[in-house]
Amino acid sequence: MTNKLIFSGVQPTGNLHLGNYLGAIKQWVKLQNAYKSIFCVVDLHAITVPQNPVELKKSILELAAAYIACGIDPEKAIIFQQSDVKEHTELAWILGCNTPLGWLNRMTQFKEKSGKNKENAPLGLYGYPVLMAADILLYNTNLVPVGDDQKQHIELTRDIANSFNQKYGKDVFTIPEPMILSQAKRVMSLRDGTKKMSKSDESEYSRINLSDDAETIRSKFKKAQTDSIAEIYYDLENRPAISNLLTIYASLADITIEQAQAKFANFQFSNFKTELAELAVEKISPITKKFNELKNDTTELQKILDKGAQNARTIAEKTIKQVKGVVGF
Ligand code: AQP
């Protein structure tokens, strides 16, 4: 166990999918044994887009259940709900007062999520990366294990931390680094190999949810996009869909993409898809089973989140005290 700390989170905005799992949570499970680990249910981030309050409440506990079902151990890692630790919003405001608009204007996620109607997008969606910086910096985080899509936000966090330290002439914040370990750093939609697999995609067939049953998984892979070239080989640029399927197989099997490619070189698409679906069922079914057992024990889940918040608060309170002192409060 090193002294380094990792922090990461997922939004409680519906079912976890294979992208969240392979790109982030599967890595966390390995890392929790080597690092001090904090995994957050980022509910404050979730409300940057409209949420149904009843559904949100349910999703928060379900995400905690999903973390545990995937293998996060609440005895090893802190699991907590972001809005339970008020220091996140306090620090976000202070950092926001030290973040130039020009930096936020470069963030691609805002552009994607606000769509064409930027004038009506809420301030919170625009400020999302500042809140994310606060999440990370509150805990003196060294490493942030995330998927590729979050790299830009971590770079912004570094810029904010460096400029704050410089402005106040003190090393208040540890400068974090992104940790992008997985070869499945960007799992793509099963319907369109050029689009990220995402919770908000309208098509259920675009993603494998961790709550999908075996038949649904099989049917989704069967319908997954391929292309007109008969052979199976990896070529991200020209064959994104098939490259995505090979990446998913390799990540689930814990082998390299080259190994996956060699294994399926002489396969037909249909046979490859069948093997892929069976492997996915084998890996996902135990998670789904555990998740279904845990999700109804809301008292236990709440207890885990409360204890996590208490532990998180102990660290966050120290940081915010120091920050307030430095800015002159
Ligand atoms: N497709 C993906 N491939 C690899 N990693 C991914 N992650 C998300 N999608 C992929 C990683 O999962 C973690 C948590 O993400 P999140 O749920 O908090 O937010 P998100 O990235 O906005 O997820 P979605 O599914 O794309 O949600 P919507 O549709 O609401 O925007 C992060 O580490 C992320 O990198």
Can Asp201 and Lys195 be counted as an ion pair, charged N to O under 4.0 angstrom?
-> yes
With salt bridge (Lys or Arg N to Asp or Glu O under 4.0 Å) as the test, would you mind laying out the steps for Glu215 and Arg218 before giving the verdict?
-> CA-CA 5 Å; Glu215 271 327 297; Arg218 288 187 186 110; 2.6 Å; yes
So, Lys26 side chain and Ser251 main chain: donor-acceptor pair closer than 3.5 Å or not?
-> yes
Under 3.5 Å, side chain of Glu87 to main-chain N/O of Asp135, donor-acceptor pair present?
-> no
How are the rings of Tyr168 and Phe164 set relative to one another: parallel (under 30°), tilted (30 to 60°) or perpendicular (over 60°)?
-> tilted
OG of Ser114 to CD of Glu119: how many Å apart, nearest 0.5 Å?
-> 10.5 Å
For the pair Asn140 and Leu5, evaluate side chain to side chain contact (heavy atoms under 4.5 Å, CB included) and give the outcome as yes or no after the intermediate values.
-> CA-CA 7 Å; Asn140 303 312; Leu5 188 140; over 6 Å; no
Counting heavy atoms not belonging to Lys170, are there more than 12 under 6.0 Å from its NZ?
-> no
Would you check if the side chain of Tyr67 reaches a backbone N or O of Val10 as a donor-acceptor pair within less than 3.5 Å?
-> yes
So how far is it from Lys324 NZ to Ile94 CD1, rounded to the nearest 0.5 Å?
-> 6.5 Å
Validate the cation-pi geometry between Arg239 and Tyr234: distance from NZ or CZ to the six-membered ring centre under 6.0 Å, angle to the ring axis within 45°.
-> no
Could you check whether the rings of Tyr126 and Phe110 sit parallel, tilted or perpendicular, using 30° and 60° as the cut-offs?
-> perpendicular
Is the NZ atom of Lys57 crowded by more than 12 outside heavy atoms at less than 6.0 Å?
-> no
Would you confirm whether Gln81, through its side chain, and Val41, through its main-chain N or O, come within 3.5 Å as a donor-acceptor pair?
-> no
If you group Ile, Leu, Val, Met, Phe, Trp and Tyr by side-chain heavy-atom gaps below 4.5 Å, do Leu279 and Ile248 land in one group?
-> yes
Would you check, one step at a time, whether the test ring-ring contact (aromatic ring centres under 6.0 Å, His included) holds for Tyr233 with Phe264?
-> CA-CA 8 Å; Tyr233 61 87; Phe264 294 109; over 10 Å; no
With distance as the sole test, does Gln82 use its side chain to make a donor-acceptor pair with the main-chain N or O of Asp43 at under 3.5 Å?
-> yes
Test item: Lys290 side-chain N/O and Cys70 main-chain N/O as donor-acceptor pair under 3.5 Å = no
Short side-chain to backbone donor-acceptor contact, Lys199 and Gln11, under 3.5 Å = yes
Close side-chain approach of Glu204 to Asn209, heavy-atom, < 4.5 Å = yes
Quick one: do Phe272 and Ile242 satisfy side chain to side chain contact (heavy atoms under 4.5 Å, CB included)? Show the steps, please.
-> CA-CA 10 Å; Phe272 167 50; Ile242 192 70; 3.9 Å; yes
State whether the side chain of Gln51 and the backbone N or O of Ala46 hold a donor-acceptor pair below 3.5 Å, judged by distance alone.
-> yes
Please report the closest heavy-atom contact between Leu301 and Leu61, naming both atoms and the distance.
-> CD1-O, 3.6 Å
Looking only at atom types and distance, does a side-chain atom of Ser37 sit under 3.5 Å from a main-chain N or O of Ala77, one as donor and one as acceptor?
-> no
Evaluation steps, side chain to side chain contact (heavy atoms under 4.5 Å, CB included), between Asp235 and Asn238 | CA-CA 6 Å; Asp235 177 352; Asn238 300 309; 3.0 Å; yes
Under-4.0 Å salt bridge between Arg186 and Asp148 = yes
Expected output: side-chain Asn20 to main-chain His17 donor-acceptor under 3.5 Å | yes
